[in-house]
Amino acid sequence: MSDPAVQPLFASAVRAVRKLQDLGDPLPADVVTQLSKLESSSLSEAERRSQLETLLRPYVLVDVSIDEQGIAVCAPGAAPPRLVQHGWRSFLVRVANPHRIAATLSASPGGVYGVIDYQSHSARIALHDTLTVVPRIKDAWLDAAIAAPKELSGLEVEYKVISLYSREGGVQSGGVSLFAADEHNHHSLSRSPLGFAGFRTNFELREYAASFDFDCAPARDIQLDIREPDGRSCMAAITVRDAQGRSYPSKAMRLAPDMFFHEHVYRATGEMIRLPEGRYEVSAIRGPEYRQVLLEADVDAGTETVPITLDRWVDPAGHGYYSGDPHIHAGGCSHYNVPSEGVTPETMIRHVRGEGLWLGSVLTWAPCYYHQKQFFSGESISPPAELEYPAMQAAQGMTWTPQPTDRDAESALRYDVEVSGFPSSHSGHLILLGLTDQDYPGTSLIEDWPSWNLPVLRWAKEQNALVGYAHCGVGLSVGTEELPNYIVPSFQGIGSNEIIVDVPLGAADFQCGGQFAPAAELNIWYHLLSVGYRTLMLGETDYPCMYDEGPGVGRTYVRLAEPPAGPQAIEAWITGLRESASYFGDGRSHVFDLAVDGDVSREQSLDAPGPARVSATVAAWLPEQPPPPPAGRPVYSAPVGWHLERSRIGESRTVVLEVVLNGVVVGSQELVADGTEQEVAFDVTVERSSWLALRILRSVHTQPIFLEVDGRPIRASRRSAQWLHDSVDQLWKVKSGFIRESERDAARQAYDEAQASYLSRREECEAD
């Protein structure tokens, strides 16, 4: 029978050996066999312990000794320090913990800690005035991570697994530090001062590091031959993973345009990813109009190119509809570590092209405002997708050359403004599209801007800009999914608050959404439409703030006679929004050519009440089966925000398409989301002047067609007019205190004018 005193040591060794196998670096089969036999041997405890240590010693890279204050002193073990460039190697770590300290074990490459650390957002390039960091980036070639479980068990001796990533090939000198952190408050148990909670200073890491001359086998530059189904070259989102699910290039070793918060990178036809020899899963997609392509790639000495043909299932541009994301950022949120940074147009265009968008509105806002505003030109641009700062990319090992593609000219950026982090932001974050001047008159700092939105909107509209509200649903949930509903919200958030004042005064054109529950996002819109206003609704992403995945998580599709291109691309797109058909959503379902009695016009006149034929071409795509549940969850949890997966009926491939008249569903039809284009039709009765739209909730919603019967304006709901009037009272109650005293009288007058408009329209309404 095994001696119980030595059994925990064997248990830790067996766990570590199994972890090495899981990570793709198994110990030799004979060593595993010997370990198994030794575990059940009848030898004495001392003999078994001695033989175990002898058996595993050749595979231990780092010997760690933890003193009574938690200081972990590291020394090189006997394992040959052989790594692989742009890949991971895993080794045993022997931990001597004579004081049985309970802590979490962490690892860091010694000497250059903190230069490349994606969890602290510092894996960002610096600006022109800090190019001195290039040598530090060049030195930060090594990454280290302790494999789970990281917790020390309190044994005097136990084994853990460390994984090391090398950016470089050849012989490289480096160090590895391990340290113990208190498992309750995450503070280092070191007696030395802390640089950050849970981490030691660079000096400490060097002092206690184990130093090595690593021999790093070189990786290969693998060219990606990415093609559209018709053979054209293009940009796409490429994800490369090994058998352990690790992404390449390492997320901890990325500089723009490769983002540490993405699993994927954006690459064009002919561009490179550097990979060590091995087998990989490669996935490719170019936004939701494509199905994901999955393939296995074996990289060996003869591998030069991985061919990838994308799988497009729908082409809205073939129907004359062109996609745009009116709300993305090049600075702020996930982009920066210090607020003077941000990425350049050369990176943003790569991301927009890689998601198959025709237009991306890059909105400068409070974080990074004074740096990012230099990219505003008052025109649309389509720059080459070059590397931002070649010296830094070269130091990071990004030596590949950006390549042009056949589809580059189809994507453009337009730099404009989001009024967020400004004095008026409490009233809702504004999006100003198509500005000719980005500086509010008489201001040099954003703190000087107005403290409520109406003056800003009127100034922007004088430039013929299209103006509205971002992330419209924030703070507008009222605890029901009913749509429309008549519960006055708290207006405590930053959604489309003051829009209820600005629309009746002719100062706001749209609100943006596609991120939250429809009842929170669409309720104000439905009420405004039902009293006759022509407010637009757009789909947006707020990348990389609301969503990190990439631009185009939320999209707006606009029908145009020709593709938006050149310096006036955004102006053409804006004109289409004002005058033509459009729809918004997640890009996984589409509604083309919505018509009433064959007429696709936005504004239509009917001689008298009566029946009408509503028709459209609809396409949607879902995989045949719902995705499997994420690890650790018993059921599949659909993505947040708008996503066609949240429209799936049970485990079928069916979704529900609805026709909405004045906010009320008057017809529905089940639709198989198999990617085919399907002609749909509904017969509805139009009793009075109305607005009409099609929707698949949580995926797509069209702009309305406005139907005026016998020349009468749309006044479809007294309750909507009253709700809007009462909401202005609540808005003033919550927001007026944030308006400067010098501006409060003008704001009160505007609020009164808006309420008077609603009361007037309430009296004109033809129905409750």
Side-chain angles (χ1 to χ4, degrees), residues 121-122 124-130 256 259 261 325-349 351-352 360-381 383 388-389 413-460 462-463 465-471 474 494-495 498 512 540-548 551 570 738 740 743:
H121 287 198
S122 59
R124 275 289 304 117
I125 61 172
L127 300 177
H128 301 287
D129 59 351
T130 54
M259 310 311 293
F261 52 83
D325 188 337
H327 187 179
I328 60 179
H329 295 294
C333 295
S334 293
H335 273 318
Y336 66 77
N337 184 39
V338 294
S340 61
E341 293 189 359
V343 300
T344 66
E346 289 74 19
T347 286
M348 291 304 293
I349 193 64
H351 294 193
V352 166
S361 292
V362 186
L363 304 180
T364 303
W365 62 309
C368 314
Y369 180 77
Y370 302 104
H371 174 75
Q372 286 289 321
K373 70 195 302 287
Q374 69 179 297
F375 301 120
F376 174 84
S377 65
E379 295 183 338
S380 298
I381 58 174
E388 292 186 335
Y389 301 103
L413 304 177
R414 178 56 144 80
Y415 277 75
D416 274 308
V417 172
E418 178 188 2
V419 181
S420 171
F422 289 62
S424 67
S425 297
H426 62 90
S427 295
H429 292 182
L430 297 180
I431 293 177
L432 313 177
L433 301 178
L435 293 172
T436 56
D437 182 359
Q438 65 178 332
D439 294 308
Y440 190 83
T443 67
S444 57
L445 301 173
I446 58 177
E447 289 79 8
D448 299 331
W449 285 49
S451 62
W452 61 305
N453 283 334
L454 184 62
V456 177
L457 292 167
R458 285 174 166 165
W459 160 73
E462 288 174 359
Q463 304 176 51
L466 192 78
V467 298
Y469 282 78
H471 34 70
V474 177
I494 53 171
E498 197 191 291
C512 283
E540 63 170 8
T541 296
D542 197 358
Y543 166 78
C545 297
M546 201 73 71
Y547 292 104
D548 273 352
I570 191 71
F738 297 99
R740 295 188 191 107
E743 299 173 272

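Remember, predicted model here, so these are calculated numbers, not experimental data.
- To the nearest 0.5 Å, the span separating SG on C333 from OH on Y547 amounts to 13.5 Å.
- Screening V352, T541, D542 for a side chain to side chain contact (heavy atoms under 4.5 Å, CB included) with D325, the sole residue that qualifies is T541.
- Going from atom CG of D416 over to atom OG1 of T364 covers 8.5 Å, rounded to the nearest 0.5 Å.
- Listed here is the closest heavy atom pair of P383 and I349: O-CG2, 3.6 Å.
- For the atom pair CG (D439) and CG (L445), the distance works out to 10.5 Å, reported to the nearest 0.5 Å.
- Contact of the W449 side chain with the S424 side chain is not registered, since no non-hydrogen atoms from C-beta on lie closer than 4.5 Å.
- Note that the CD atom of Q438 and the CG atom of L432 stand 10.5 Å from one another [nearest 0.5 Å].
- Looking at every heavy atom in both residues, H329 comes nearest to C545 through CD2-SG, 3.9 Å.
- For the pair S451 and H426, the tightest heavy-atom approach, listed with the atom from each and the gap, is O-NE2, 2.7 Å.
- Across L457 and G468, no two heavy atoms sit closer than the pair CD2-N, 4.5 Å.
- Checked by atom type and distance alone, the side chain of Q463 never pairs as donor or acceptor with a backbone atom of A460 at under 3.5 Å.
- When all heavy atoms are compared, the tightest approach of E540 to I431 is OE1-CD1, 3.6 Å.
- The CZ atom of F375 sits 11.0 Å away from atom CE of M348, with the distance rounded to the nearest 0.5 Å.
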L433 and L363: CA distance, side-chain angles, deciding distance, side chain to side chain contact (heavy atoms under 4.5 Å, CB included) verdict
CA-CA 9 Å; L433 301 178; L363 304 180; 4.1 Å; yes
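- Listed for the E498 side chain is a donor-acceptor partner under 3.5 Å among the backbone atoms of N453.
- Side-chain contact check for P345 versus Y415: some heavy-atom pair is nearer than 4.5 Å.
- By the side-chain hydrogen bond (donor to acceptor under 3.5 Å, both in side chains) test, E346 pairs with T344, sequence neighbours left out.
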Run the side chain to side chain contact (heavy atoms under 4.5 Å, CB included) test on H327 and H471 for me, step by step, so that the C-alpha distance in whole Å, both residues' side-chain angles and the decisive distance to 0.1 Å come before the verdict.
CA-CA 9 Å; H327 187 179; H471 34 70; 3.8 Å; yes
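- S361 is linked by a side-chain hydrogen bond (donor to acceptor under 3.5 Å, both in side chains) to nothing, counting only residues two or more places apart in sequence or in another chain.
- Pairing each heavy atom of I570 with each of R414, the nearest pair is CG2-NE, 3.4 Å.
- By the 4.5 Å heavy-atom criterion applied to side chains, Y543 and H335 are counted as neighbours.
- In this view, Y370 satisfies the ring pair (Phe, Tyr, Trp, His ring centres under 6.0 Å) rule with no residue, not counting sequence neighbours.
- You'll find the side chain of V343 reaches within 4.5 Å of the side chain of M259, heavy atoms only.
- A distance of 9.5 Å separates OG in S425 from CH2 in W365, rounded to the nearest 0.5 Å.
- Ring geometry, F422 versus Y369: the interplanar angle exceeds 60°, so the pair is classed perpendicular (tilted spans 30 to 60°).
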